[in-house]
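In the text below, chain A, chain B and the rest are named by the order of the sequence lines, each starting its count at 1.
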Amino acid sequence: MLDNLGNLQRTHSCGTLRVHDVGTTVTLMGWVSRRRDFGELTFIDLRDRDGITQVVLNSEDAPEAHAKAKEVRGEYVIAVTGEVTLRDESQRNAKLETGEVEVHARELLILNDARTLPFQLESATTDALASEDLRLKYRYLDLRRPQLQANLRLRHRVLREIRRYMDEQGFTEIETPILIKSTPEGARDYIVPSRVQPGKFFALPQSPQLFKQLCMIAGMDKYFQIARCFRDEDLRADRQPEFTQLDVEMSFATLDQIYSVTEGLFARVFKLIGVELPLPFPRFSFAEAMRRWGSDKPDLRIEGMELQDLSVELQQTNFAPYVSALAAGGEVKGIVVRGGAGLSRKALDDLQEFAKRYGVTGLAWIKLGDETTSSLLKALGEESVARLASTAGAQEGDAVLIVAGKTKPVAASLGALRNEVARREKLIPANVYAPLWVTEFPMFEYHEDDDRYYAMHHPFTSPLDEDLPLLERAVEGGETELLGRLRTKAYDPVINGVELASGSIRIHRRDVQRMVFKALGMTTEEARSRFGFFLDALEFGTPPHGGIAPGIERLLMVLLSTENIRDVMAFPKTASATDLMIDAPGEVDPKQLEELHLKIVDKK
RNA sequence: GGAGUCGUAGUUCAGUUGGUUAGAACGCCGGCCUGUCACGUCGGAGGUCGCGGGUUCGAAUCCCGUCGGCUCCGCCA
C-alpha cells in the first residue's frame, strides 16, 4: 500500500544534515539506495540529488515504521520523519558527508514503489557500468547516478555564468528561428516539410550564422545566444547531431577585442572549477600550428614532440619511397619520442597501424638504445640513420617516428601520433590547462574530387586585409591557384587539444562578398537565389563585425575531463543518431505524410 | 560510405582441438540476525548464448548474412 504525501514537507535534503542538526526533528524524502536488514533493526541509505543520509528504524522505538521498512526495496521513494542523532565514534562513516549523524525514523511513508531496475546504478564489485545501450534506453535511471547529476549541474552553472558574463559585457541575448532555410554548402541539414507550402521544406539551423550577422546589420551591436544547432553528419565521441553553442557576434570589433572577450569568458568559466587560466592565450597561425604540431588544435600540455622536417636530409639518399614522395612535392617528417628507445616491436607495429589510418603508407622508426636500431638501417645505412636521428633532435634513449607522403597526411598522421604516443606513454600532465589561439586559417580548401575550392570556415569569413589583393587577382585576374594562399581573419581557441570554439571577422563589404562567392564557383544568380536576402542586407550599411561560437559540450568535456559527449548532455543520441529511450526517429502515420505531401519511395 | 571491436542469467563477465546438466560475482526472492554502511549468514529462482541461415551425429564455440552498442577514417562550411 502506498502512502499519500499529503501536506508533508521536506525540511532538509539528504546531503545537508550535520552535527549541529543533532536533536532536531527532520523530514527527508528520496530514493532507497540501500537497505540493510538486521531483523529488529533496519538501516536505509536514503538518496536524493544532494547526497545520502542513513536512516535507522528500530522495532522498539517505532514498531510501525520499522515494520513498513520491511516492504521497502531499492529505488522505492519514501519520506522519513525522525530525530537527528549523533553516531557513536565507532559508527561514523567517513565516506558520507552526513556520516557523523543519522536519522532515527519515527514515521515512514512509502510514496512510491519501484520495479527491480534493469541495471544496477553503481556496481558493487567493480566500477564496470552496465552497457551503454541499456543505460541509454533507461537514461532517466542512468541520470540518477551522482556523477551524471553533478555533470548536469555544472552545465547549468556554466550556462548561468556565461549569461552573467555576456550581460556584464553589454551583450543582448536574442533568439533566432529554428525553422529556417536549407543552405547548400556545409553540413547536411535536417529538414522539416511544410504542410502549408506543398513540396517545400524548412531546414534546422546548423548555426544561427546569418541571423547573428543580420542582428549586426540591424544595429544590435553585441549579440549572443545559447543556441541549439543541428547537423546531420556522422557522429563521434565528441559530436552529436544536436548540440549547443554560445553564439556571439559584435560590431566594430577588432580581432583583439574578440580575443579578449573570449579569453575573459573562458577565464570566468574555468574559475567555476577552481582553475585560473593563464591570460592572454598565446597565438599561432594555422600554418605554424600545422608545421610544428601537425594539427590545427595542438595539445600544448604535451611538451615538445614537435614535427621535424627531415626532407633535406633525405633528399640526398636513394631510398626510393622517400625520394619519390619528395619529388612529388611531399614531405618526410618525424617526431622524437623522449625515452622511446624502450618501445617494443609490437608497440611500434601498433603505432604504424594507427598512423596508416591517416593516409600514410608506413611508419619508419629509429631507436637510440644501447645500440641504434632502425627500420631504415638496411635502406640508408648506419651513418645516414644516425644523421637523421640527430637532425630530428633525438638523443640517447629516444626514438624517432618518421612518415613520408603528401603534406596533409604527413601532418595528420604525425599530429595524431603525437597525441597517441603521449597518451600511451602517459606524457600528458593532469590538472594542466594549455590554451592557445590558432589564427589565420586558409580561406579556401582545394578538393581534388571535384576540382574546386571550398570555404574552409564559411563563405562569410573575411580575408586578411593584406591578402585582399590576392583574392582580387584570383577572381578578377583568373589566377585561381592563388585562392589556396588566401588567409583569413578566422580563429579557434584551443584548450588541451580540443577546439573549443570557432570564429571570424566577417565580410561586411558587398564587393568582397561577391568575389568570395565567385571564387566558390557561384554565379551571381546562384548567389542571389541562395543568399539573396543577405546580399540585399549587405547593401544597407553593414558595420564591420565578427564573432565566435564556443561549443558548450566541448567546453564541459574539458572542464570535466571526459572523453564522452554523452556525459555532459541529459538526453544524448547513439553513434547512429538514434534515441534509444524514445525510439526516435520513428515512422509516422500515413495521414501525416499525406498532409505533408510526402511519399516514402523506397524503405529498404 | 569504410574499418575495428563488443553482444552468454536482471547486470558485469568467464566459458577452445565443437561433446553430459552453460558457470561466477553482484542483483532478485524467501528465512535468520539490534549497529550495519559493499552488512553477514542459510536457502531458492533465474538462460531463445543478439537475430536468421548454414556446416556437423552434435554449435555459445566453425562459416555466411543481419541487427544493435562503442571507437576511428571519410564526413562535420
Check your understanding: Mind checking who B:G40 pairs with, Watson-Crick or G-U wobble, both distances under 3.5 Å?
Key -> B:C32
Check your understanding: According to the interplanar angle, ranging from 0 to 90°, do the rings of A:Phe531 and A:Phe460 count as parallel (below 30°), tilted (30 to 60°) or perpendicular (above 60°)?
Key -> perpendicular
**Study point:** For atom CD of A:Glu100 and atom C1' of B:U36, their distance in whole Å
**Key:** 18 Å
Point to revise | For B:A24, the Watson-Crick or wobble counterpart (both distances under 3.5 Å) | key: B:U12
Check your understanding: Could one point to a donor on the side chain of A:Asp88 or the base of B:G35 with an acceptor on the other under 3.5 Å away?
Key -> no
Study note, to complete from the structure: The nucleotide from B:G69, B:C28, B:U11 with an atom nearest the side chain of A:Thr116 is B:C28
**Study point:** Within-4.5 Å side-chain heavy-atom neighbours: A:Met581 and A:Phe571
**Key:** yes
Review point. Taking only residues two or more places apart in sequence, or in another chain, which ones meet A:Glu89 in a salt bridge (Lys or Arg N to Asp or Glu O under 4.0 Å)?
Key: A:Arg92
Practice item. For A:Arg423, check salt bridge (Lys or Arg N to Asp or Glu O under 4.0 Å) against everything at least two apart and list the hits. Key: A:Glu420
Exercise for review: Spell out yes or no: do the side chain of A:Arg73 and the base of B:C29 have one donor N/O and one acceptor N/O closer than 3.5 Å?
Suggested key: no
Review point. To the nearest Å, how far apart are A:Phe43 CZ and B:C39 P?
Key: 12 Å
Exercise for review: Searching all strands shown, indicate the nucleotide that pairs with B:C75 (Watson-Crick or G-U wobble; both distances under 3.5 Å).
Suggested key: none
Review point. So, A:Arg73 and A:Asp113, do they make that salt bridge, N to O below 4.0 Å?
Key: no
Check your understanding: Is the shortest heavy-atom distance from the side chain of A:Gln213 to the side chain of A:Phe534 under 4.5 Å?
Key -> yes
Review point. Expressed in whole Å, how much space separates the P atoms belonging to B:U61 and B:G53?
Key: 14 Å
Practice item. Strictly below 4.0 Å, heavy-atom distances to any atom of RNA chain B: list the hits from residues 53-62 of chain A, or just say none. Key: A:Gln54, A:Asn58, A:Ser59, A:Glu60
Exercise for review: Between B:C75, B:G69, B:C33, spot the one nearest the side chain of A:Phe38, thanks.
Suggested key: B:C33
Point to revise | A:Asp350 side chain reached by A:Leu348 side chain, heavy atoms, under 4.5 Å | key: no
Practice item. In whole angstrom, give me the gap between the P atoms of B:U8 and B:A14. Key: 10 Å
Sequence neighbours left out, cut at 3.5 Å: what donor-acceptor pairs do the side chains of residues 406-417 of chain A make with other protein atoms?
residue	atom	partner	partner atom	Å
A:Ser413	OG	A:Pro409	O	2.8
A:Ser413	OG	A:Val410	O	3.1

Review point. Can you find a pair of side-chain heavy atoms, one from A:Ile552 and one from A:Phe243, that are under 4.5 Å apart?
Key: no
Check your understanding: Taking atom C1' of B:C76 as reference, at what distance in whole Å does atom CE of A:Met456 sit?
Key -> 12 Å
Scan the side chains in residues 493-503 of chain A for donor-acceptor partners under 3.5 Å anywhere in the protein, sequence neighbours excluded, and list what turns up.
residue	atom	partner	partner atom	Å
A:Asn496	OD1	A:Ala434	N	2.8
A:Asn496	ND2	A:Val432	O	3.1
A:Ser502	OG	A:Asp492	OD1	2.8

Practice item. Write down the distance separating the P atoms in B:C67 and B:G31, rounded off to the nearest Å. Key: 48 Å
Point to revise | A:Phe354 and A:Tyr358 aromatic ring geometry - parallel, tilted or perpendicular at 30°/60° bounds | key: tilted
Review point. Does NZ or CZ of A:Arg452 fall inside the cone over A:Tyr454's six-membered ring, less than 6.0 Å from its centre and within 45° of the axis?
Key: yes
Point to revise | Test salt bridge (Lys or Arg N to Asp or Glu O under 4.0 Å) applied to A:Asp45 and A:Arg35, A:Arg34, A:Arg36, the passing residue | key: A:Arg36
Point to revise | salt_bridge(A:Lys356, A:Glu353) N-O dist < 4.0 Å | key: yes
**Study point:** Touch class at under 4.0 angstrom, heavy-atom based, for A:Arg566 against every strand present
**Key:** sugar-phosphate
Revision key, fill the gap. Side chain to side chain contact (heavy atoms under 4.5 Å, CB included) filter on A:Ala94, not counting sequence neighbours, yields none
Check your understanding: For residues 489-502 of chain A, which residues have at least one heavy atom under 4.0 Å from RNA chain B?
Key -> none
Practice item. Compare side-chain N and O positions of A:Arg236 against OP1 and OP2 of B:C73 and report whether any pair is under 4.0 Å apart. Key: yes
Using residues 59-66 of chain A as the side-chain source, report each donor-acceptor pair under 3.5 Å to any protein atom, sequence neighbours left out, with the distance given to one decimal.
residue	atom	partner	partner atom	Å
A:Ser59	OG	A:Glu40	O	3.3
A:Ser59	OG	A:Glu40	OE1	2.9
A:His66	NE2	A:Gly39	O	2.9
A:His66	NE2	A:Glu40	O	3.3

Check your understanding: Looking at B:C76, B:U36, B:U71, which one has an atom nearest to any side-chain atom of A:Arg239?
Key -> B:C76
Exercise for review: Tell me whether the OP1 or OP2 atom of B:A38 has a side-chain N or O from A:Lys95 closer than 4.0 Å.
Suggested key: yes
Practice item. List in chain and number order the residues that pass side-chain hydrogen bond (donor to acceptor under 3.5 Å, both in side chains) with A:Ser90, two or more places apart in sequence or in another chain; answer none if no residue qualifies. Key: none
Point to revise | Rounded interatomic separation in angstrom, taking NE2 from A:His66 and P from B:U34 | key: 9 Å
Point to revise | Nucleotide of B:A38, B:G69, B:C28 approaching A:Asn93 most closely (side-chain heavy atoms) | key: B:A38
Review point. Ion pair present between A:Asp142 and A:Arg135, side-chain N to carboxylate O less than 4.0 angstrom?
Key: yes
Tabulated below should be each protein N or O lying under 3.5 Å from an N or O of nucleotides 42-45 of chain B; please produce it.
none

**Study point:** C1' spacing across the pair B:G58 / B:G46, given as an integer number of angstrom
**Key:** 27 Å
Review point. Are OP1 or OP2 of B:C39 and a side-chain N or O of A:Arg36 less than 4.0 angstrom apart?
Key: yes
Practice item. Write down the partner of B:A60 under the Watson-Crick or G-U wobble criteria, each distance required to be under 3.5 Å. Key: none
Point to revise | Nucleotide B:C72, atom P - distance to CG of A:Asn564 in whole Å | key: 10 Å
Check your understanding: Considering only side-chain heavy atoms of A:Gln120, which listed nucleotide, B:C76, B:G10, B:C73, is closest?
Key -> B:G10
Point to revise | Interatomic distance, A:His447 NE2 vs B:C75 C1' [rounded to whole Å] | key: 10 Å
Could I get a table of every N or O pair under 3.5 Å where one atom is in the protein and the other is in nucleotides 65-68 of chain B?
none

Check your understanding: Roughly, in whole Å, what's the span from CZ in A:Arg135 to C1' in B:U11?
Key -> 12 Å
Review point. Where along nucleotides 2-9 of chain B does protein come under 4.0 Å, by heavy atom, of base (B) or sugar-phosphate alone (S), with - for untouched nucleotides?
Key: --------
Review point. Are A:Asp50 and A:His12 side-chain neighbours, meaning at least one heavy-atom pair lies under 4.5 Å?
Key: no
Check your understanding: Among B:C76, B:C72, B:G1, which nucleotide sits nearest the side chain of A:Ala187?
Key -> B:C76
Exercise for review: Please check the phosphate of B:C39 (OP1 and OP2 only) for any side-chain N or O of A:Arg34 closer than 4.0 Å.
Suggested key: yes
Exercise for review: Both distances under 3.5 Å, Watson-Crick or G-U wobble: report the partner of B:G7, or none.
Suggested key: B:C67
Review point. Can you find a donor-acceptor pair, distance only, under 3.5 Å between A:Arg87 side chain and B:C37 base?
Key: yes
Review point. To the nearest angstrom, how far is A:Leu121 atom CG from B:G10 atom P?
Key: 18 Å
